[in-house]
**Student:** 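Here you go, one structure.
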Amino acid sequence: MASNGVMSQEELQIQQQMNFMQQQAHPNGGTFGSNGVAAPAAVGSMMGNFGKRENEYDGPSARRMRREPEPEPSNGIPRTIAKHQHLLEPTDAEGARLHAYYTLSIDELFRLPPTPSDAEFISQQNKLNPGSNFTLQTIPKPYIAALNASRFAEIALGALVHGEASLGMELCNAVVHCLRDSVGNSGAPGEETEMSPSGVKPEVMFTVAKTYFLLGIFRAYRGDSTRYYKYRRITMQYLSKMEDSQDTASLLSSISYQDAWAYMIHNGDERLAPNVDESIAPVAPSSRKTFANNTEAKFDVKTDAKSIAGNPLNKTWIQGPPPVYLNNEAPLNARSLDALACAVRTCCDQANKTFADIAQESGSGDVIPLDTINSATTVAVMSHEDELCSRNVVLSAYTLMQQHENSSQSTRSHDGQQLVISAMDAFLENGDGEGNGGLSESQISGLLSVCHVAIENPFLLYHAGPTYHMVSNAVVLLCHLLNGLHATRGTPNFGAAESKMFDDVLDTSTAVRKLLLIHREKLPVKLRCHFIPRPSFSASPEEPFIDLGETLLCTCRGCQGFVLMACSPCVAAERARDARHRLAEEEALERQQQEQEGIDLGEIDRELDIMGEEFNVDDDELLNMISSVITN
């Protein structure tokens, strides 16, 4: 300690670590925590093996020592928390690196409110509640547990984005343990405390809600849709208890964009999504009966957080009129994101209608439910076409993004949102190009812009939501363009300008195709978009340069339409049916390859499966605890 009696920074950090260990050893008193993850400085080459150590986390197990199960610490601290607590320290380089991956990918688009450090949280609470007089030594344990849960969730997603799956799963388990502390009863047996699940304090309620959503995204990336929907439901339960704010609007717009992805994957059919009603009760509707303003009355939707979370239409995914977009008090970035989510849902409904017409014309017998065509979103769009049609909504999203750029004090770029807007704008434009795959010059420019942004920022493929699918479909449209240009070779229509365009588009599409292939292989089979075939440089002008007939189609009808746009109805219907069979074949082939790799390369996949099964027990205990509280 310094001579003047004030602790130095180093001594303060040591004291905080000691407080943490003491609190975990004595759960009814004391404190623990960290000052959060420091905002990363410029991170050099993010695509290399920066910060990796040999034999750590994500290498094939044949090339590293086999990890033996680690014993549970005798002091009662969960192993995953004790092992990785150092990553939450502001001076920890590994923690800053993982948080940078999260910031450059998922949060690049969502821009959720950052988790405050312990000192910042204490300062905020003491200003809001002058009588509280919190200090690092007296702040209640559930508050710090909630903050640490959020921090662990962010770096868990960062680890997953960087391909460190086993580390991400351990951090995800640490999130679960922290959440149990943050919502659990910390008083005497049978005593109802202020931090029990039925009475979570408003000070940390948003942090807890945000953490459950991030935990759900982690599960979604791992292909666990059931737990994703359970965590989403819990998030909405907490939002239904919160007053409207900038933070809740940001979180709801993020949920809306993630919901648009789920809407795509299930082709807008709620019957195909997991039903979690028996596990987690649906959110009770809001008690508000009247509209707050003319906008709500006009679009027949309530735009406050409680009403959005409790709207029965939003039980599986947010649908109908975009509530955050229509809320003039919401942050500009959040309104723009919700507008894009609405446009995605509308396009999915239109794709369902197109394939229903194809099925009827071809006599294929495929049945597409009518409620996936005339959905709540489509009904709202048809009732307010001038304001909510996809084209106008995307233009409004662009305007809102520009306003946010001009008004924001942040130096963060909007590359991710610009990518999504450029893709949607190109998809929705009616092409008038002749000999260019039916694409206009503005469409080609937009598609190339999408691909260039993806090349410069590969982590944007890890946006939660449908961004990855948009980039895949942009490449498919460029393949149509290449086929159109290739067909004119040797004719007067193929001059120097066309030759240069062909080379530029080929270089760009080849680069992005490789990025998509790498990303695709990291995803569960059911979440993968198209496998795009390679070009054939020996093809004659009468043959396709890229045979899109060999494309392994995404299961989403909206994505299939980009590949099948030049096919007859009969061929399109047949190809759509084949996509389902080929998906099953790909899943079987992947399982076979994993079994072979388990013999030749080690047991990395088996280890992850075993680890996942162990951690699932902790997840289910948390879910059961929350479920019983909600039910009671």
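Residue numbers count from 1 along this sequence.
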**Student:** Nearest 0.5 angstrom please: E456 CD to C451 SG, how far?
**Tutor:** 11.5 Å
**Student:** Under 4.0 Å between a side-chain nitrogen and a carboxylate oxygen: does that hold for R271 and D269?
**Tutor:** yes
**Student:** Are T378 and I373 packed together at the side-chain level, in the sense that at least one heavy-atom pair is separated by less than 4.5 angstrom?
**Tutor:**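 Side chain of T378 against side chain of I373, heavy atoms only: no contact under 4.5 Å found.
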**Student:** Taking the side chain as everything from C-beta on, heavy atoms only, tell me whether F218 gets closer than 4.5 Å to Y231.
**Tutor:** no
**Student:** Output the distance between atom OH (Y325) and atom CG (L332), rounded to the nearest 0.5 Å.
**Tutor:** 12.0 Å
**Student:** Apply the test side-chain contact (heavy atoms from CB on, under 4.5 Å) to residues L523 and R520: give CA-CA distance (whole Å), side-chain angles for both, the deciding distance (0.1 Å), then the verdict.
**Tutor:** CA-CA 5 Å; L523 297 174; R520 189 177 187 273; 5.6 Å; no
**Student:** If you apply the rule side-chain contact (heavy atoms from CB on, under 4.5 Å), what do you find for C556 with N267, and how did you get there?
**Tutor:** CA-CA 6 Å; C556 169; N267 289 308; 4.2 Å; yes
**Student:** Salt-bridge test for D349 and K353: reply yes if a basic N is under 4.0 Å from a carboxylate O, no otherwise.
**Tutor:**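 The answer is no: the pair does not qualify as a salt bridge.
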**Student:** Using modelled atom types only, decide if a donor and an acceptor are shared between the side chain of S253 and the backbone of S250 within a distance under 3.5 Å.
**Tutor:** yes
**Student:** Which atoms form the tightest heavy-atom contact between G310 and V283, and what is the distance?
**Tutor:** CA-CG1, 3.8 Å
**Student:** Kindly indicate, with the supporting measurements, whether the criterion side-chain contact (heavy atoms from CB on, under 4.5 Å) is fulfilled by Q258 and F213.
**Tutor:** CA-CA 10 Å; Q258 177 70 8; F213 176 58; 4.1 Å; yes
**Student:** Do side-chain atoms of E108 reach the backbone of G416 as a donor and acceptor pair under 3.5 angstrom?
**Tutor:** yes
**Student:** Rounded at 0.5 Å granularity, tell me how far OG1 in T488 sits from CG in N493.
**Tutor:** 6.5 Å
**Student:** Output yes when a side-chain donor or acceptor of D107 lies under 3.5 Å from a complementary backbone atom of F110, and no otherwise.
**Tutor:**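 No, the answer is negative, given that no donor and acceptor are paired below the 3.5 Å cut-off.
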**Student:** Apply side-chain contact (heavy atoms from CB on, under 4.5 Å) to residues Q403 and R335 and explain how you reach the verdict.
**Tutor:** CA-CA 11 Å; Q403 292 175 357; R335 295 181 63 199; 5.8 Å; no
**Student:** Quick one: does E498's side chain have a donor or acceptor within less than 3.5 Å of a partner on G495's backbone?
**Tutor:** yes
**Student:** Heavy atoms only: give me the nearest S286-S307 pair and the separation to one decimal.
**Tutor:**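 Looking at all heavy atoms of both residues, the shortest contact is OG-OG, 3.4 Å.
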**Student:** Do Y229 and D277 have side-chain atoms, one donor and one acceptor, less than 3.5 Å apart?
**Tutor:**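 Side-chain D/A pair, Y229 to D277: absent.
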**Student:** Could you verify whether a donor N or O on one side chain and an acceptor N or O on the other, from E543 and S536, lie under 3.5 Å apart?
**Tutor:** no
**Student:** Out of L428, V381, L340, which one pairs with S390 under the side chain to side chain contact (heavy atoms under 4.5 Å, CB included) rule?
**Tutor:**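 Exactly one option meets the side chain to side chain contact (heavy atoms under 4.5 Å, CB included) with S390, and it is L428.
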**Student:** Is it the case that more than 12 heavy atoms not belonging to E329 sit under 6.0 Å from its CD atom?
**Tutor:**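 For E329, atom CD is not crowded (no more than 12 foreign heavy atoms under 6.0 Å).
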**Student:** Does any N or O in the side chain of T248 come within less than 3.5 Å of the main-chain N or O of D244, such that one atom is a donor and the other an acceptor?
**Tutor:** no
**Student:** Can you see whether S440 engages E429 through a side-chain donor-acceptor pair at a distance of less than 3.5 angstrom?
**Tutor:** yes
**Student:** Can you tell if the side chain of V525 reaches within under 4.5 Å of the side chain of R528, non-hydrogen atoms only?
**Tutor:** yes
**Student:** How long is the straight-line distance from CG of N333 back to CD of E405, given to the nearest 0.5 Å?
**Tutor:** 9.5 Å
**Student:** Just by distance, do the side chain of Y398 and the backbone of I421 share a donor-acceptor pair under 3.5 Å?
**Tutor:**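 No; judged by distance alone, with no hydrogens or angles, the pair does not exist.
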**Student:** Does H530 use its side chain to pair, donor to acceptor, with the backbone of C559 at less than 3.5 Å?
**Tutor:**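 Yes; at least one donor-acceptor contact below 3.5 Å.
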**Student:** I'd like to know if the side chain of N483 and the backbone of I546 have a donor-acceptor N/O pair within less than 3.5 Å.
**Tutor:**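 Answer holds: yes.
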**Student:** When you compare the side chain of T508 with that of H452, does any pair of heavy atoms fall below 4.5 Å?
**Tutor:** yes
**Student:** Working to the nearest 0.5 angstrom, can you tell me the gap between R227 CZ and L215 CG?
**Tutor:**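 It comes to 10.0 Å.
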**Student:** Can K315 and E270 be counted as an ion pair, charged N to O under 4.0 angstrom?
**Tutor:** no
**Student:** Of all the heavy-atom pairs spanning L548 and V476, show the shortest one and how long it is.
**Tutor:** CD1-O, 4.4 Å
**Student:** If you look at every heavy atom in P331 and Q246, which pair is closest and at what distance?
**Tutor:** CG-OE1, 3.3 Å
**Student:** Can you check whether K302's main-chain N or O pairs, donor with acceptor, with E296's side chain at less than 3.5 Å?
**Tutor:** no
**Student:** Side chains of S256 and D338: any donor to acceptor distance under 3.5 Å?
**Tutor:** yes
**Student:** Taking all atoms of both residues into account, what is the closest heavy-atom pair of A343 and V394, and its distance?
**Tutor:**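 Result for this residue pair: CB-CG2, 3.9 Å.
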**Student:** Do the side chains of V344 and W261 get nearer than 4.5 Å, heavy atoms only?
**Tutor:** no
**Student:** To the nearest 0.5 Å, what is the distance between OG1 on T372 and CG on N352?
**Tutor:**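 Atom-to-atom, T372:OG1 and N352:CG are 4.0 Å apart.
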**Student:** Would you say that L388 contacts F299 through its side chain, given a criterion of any heavy-atom pair below 4.5 Å between the two side chains?
**Tutor:**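 L388 reaches F299 side chain to side chain.
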**Student:** Which atoms form the tightest heavy-atom contact between P321 and V301, and what is the distance?
**Tutor:**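 That closest heavy-atom pairing would be CB-CG1, 4.0 Å.
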**Student:** Only pairs under 3.5 Å count here: list side-chain donor-acceptor contacts from residues 509-517, not counting sequence neighbours, and write none if there are none.
**Tutor:**
{"unit_1": "S509", "atom_1": "OG", "unit_2": "V505", "atom_2": "O", "d": "2.9"}
{"unit_1": "S509", "atom_1": "OG", "unit_2": "L506", "atom_2": "O", "d": "3.2"}
{"unit_1": "T510", "atom_1": "OG1", "unit_2": "L506", "atom_2": "O", "d": "2.7"}
{"unit_1": "R513", "atom_1": "NE", "unit_2": "I532", "atom_2": "O", "d": "2.8"}
{"unit_1": "R513", "atom_1": "NH2", "unit_2": "I532", "atom_2": "O", "d": "3.0"}

**Student:** Do the side chains of I106 and E154 get nearer than 4.5 Å, heavy atoms only?
**Tutor:**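 Contact flag for E154/I106 side chains = no.
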**Student:** State plainly whether the residues R232 and D259 are in salt-bridge range, i.e. N to O under 4.0 Å.
**Tutor:**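 Between D259 and R232 there is a salt bridge, with a charged N closer than 4.0 Å to a carboxylate O.
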**Student:** Compare all side-chain heavy atoms of R345 with those of S375 and state whether any distance is below 4.5 angstrom.
**Tutor:**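 Answer no - side chains too far apart.
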**Student:** Short question: side chain of K210, backbone of P113 - any donor-acceptor pair under 3.5 Å?
**Tutor:**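 Answer holds: yes.
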**Student:** Do S422 and Q418 pair up side chain to side chain, a donor and an acceptor below 3.5 Å, judged on atom types alone?
**Tutor:**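 Yes, Q418 and S422 have a side-chain donor paired with an acceptor closer than 3.5 Å.
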**Student:** Taking the six-membered ring for Trp, is the centroid-to-centroid distance between Y101 and Y462 below 6.0 Å?
**Tutor:** no
**Student:** Please identify each residue that fulfils side chain to side chain contact (heavy atoms under 4.5 Å, CB included) with N314, with sequence neighbours left out.
**Tutor:** I308, N311, I318, Q319
